Amino acid sequence: MANEKEFSIDLKQEVARGSYSNLAIITHSNSEFIIDFATMLPGLPKPEVGNRIIMTPEHAKRLYLALQDNINKYESQNGPISLGGEPKATFPMGGFGSGKKS
C-alpha cells in the first residue's frame with residue numbers, strides 16, 4: 001500500500017511463542033468484531049478459547065484484506081489450499097450464537 005509507514009513493534013517472549021488454534025468463532029455488533037480463537041482436541045468435551053481479539057469494523061476489514069492478500073501470495077507460491085474434510089460446524093457461545101451480538 002502506498003500510504004504504509006515503517007514502524008517497529010515490541011513482541012514479548014510469551015507472545016512470540018504463539019498459541020495453536022484450529023477454530024475461530026466470529027461475532028459482531030454495530031461497533032465491534034469479536035474473534036475467539038479456540039482449540040478443539042480429541043478427548044476434550046468442548047473447544048477451549050485461548051485468545052479473544054476485539055476490533056472495530058474498519059480494522060476487521062483491513063484484517064480480512066490482509067489475510068486475502070497473504071493467502072493469494074501463499075497459493076501462488078505453494079498451490080491451492082484444500083478445504084476438503086474441514087469441519088463446517090459452528091459452536092454457539094453465550095449470547096453470540098447467531099453471529100450478531102444483540
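Keep in mind that this is a model prediction, so the values were computed, not measured.
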Met40 backbone acceptor or donor facing Asn22 side chain under 3.5 Å: yes

Between atom OG1 of Thr27 and atom CZ of Arg52, what is the distance when rounded to the nearest 0.5 Å? 6.5 Å

Contacts under 3.5 angstrom, residues 54-61 side chains, donor-acceptor by atom type, not counting sequence neighbours:
from  : atom 1 : to    : atom 2 : distance (Å)
Thr56 : OG1    : His59 : N      : 3.1
Thr56 : OG1    : His59 : ND1    : 2.8

Go through the structure and list residues passing salt bridge (charged side-chain N to carboxylate O under 4.0 Å, His left out) with Lys73, not counting sequence neighbours. Asp69

Could you pull out the closest heavy-atom pair between Ala38 and Ser21, with the gap in Å? O-OG, 2.9 Å

Which other residues belong to the hydrophobic cluster containing Leu65, where Ile, Leu, Val, Met, Phe, Trp and Tyr are joined when side-chain heavy atoms lie under 4.5 Å apart, directly or via other members? Tyr64

Check the pair Asn70, Asn72 against side-chain contact (heavy atoms from CB on, under 4.5 Å), reporting the backbone distance first and the verdict last. CA-CA 5 Å; Asn70 277 269; Asn72 289 337; over 6 Å; no

Of all residues at least two apart in sequence or in a different chain, which pass the ring-ring contact (aromatic ring centres under 6.0 Å, His included) check with Phe33? His28

Please tell me whether Leu67 and Phe37 are part of a single hydrophobic cluster in this structure, the criterion being side-chain heavy atoms less than 4.5 Å apart. yes

Would you give the length of the straight line joining atom CD1 of Ile35 to atom CD1 of Ile26, rounded to the nearest 0.5 angstrom? 5.0 Å

Within the side chain of Thr39, is there an N or O that forms a donor-acceptor pair under 3.5 Å with the backbone of Tyr20? yes

Hits for side-chain contact (heavy atoms from CB on, under 4.5 Å) against Lys12, two or more places apart or cross-chain, chain-then-number order -> Glu14, Val15

With sequence neighbours excluded, residues passing side-chain contact (heavy atoms from CB on, under 4.5 Å) with Ile81: Ile71, Tyr74, Glu75

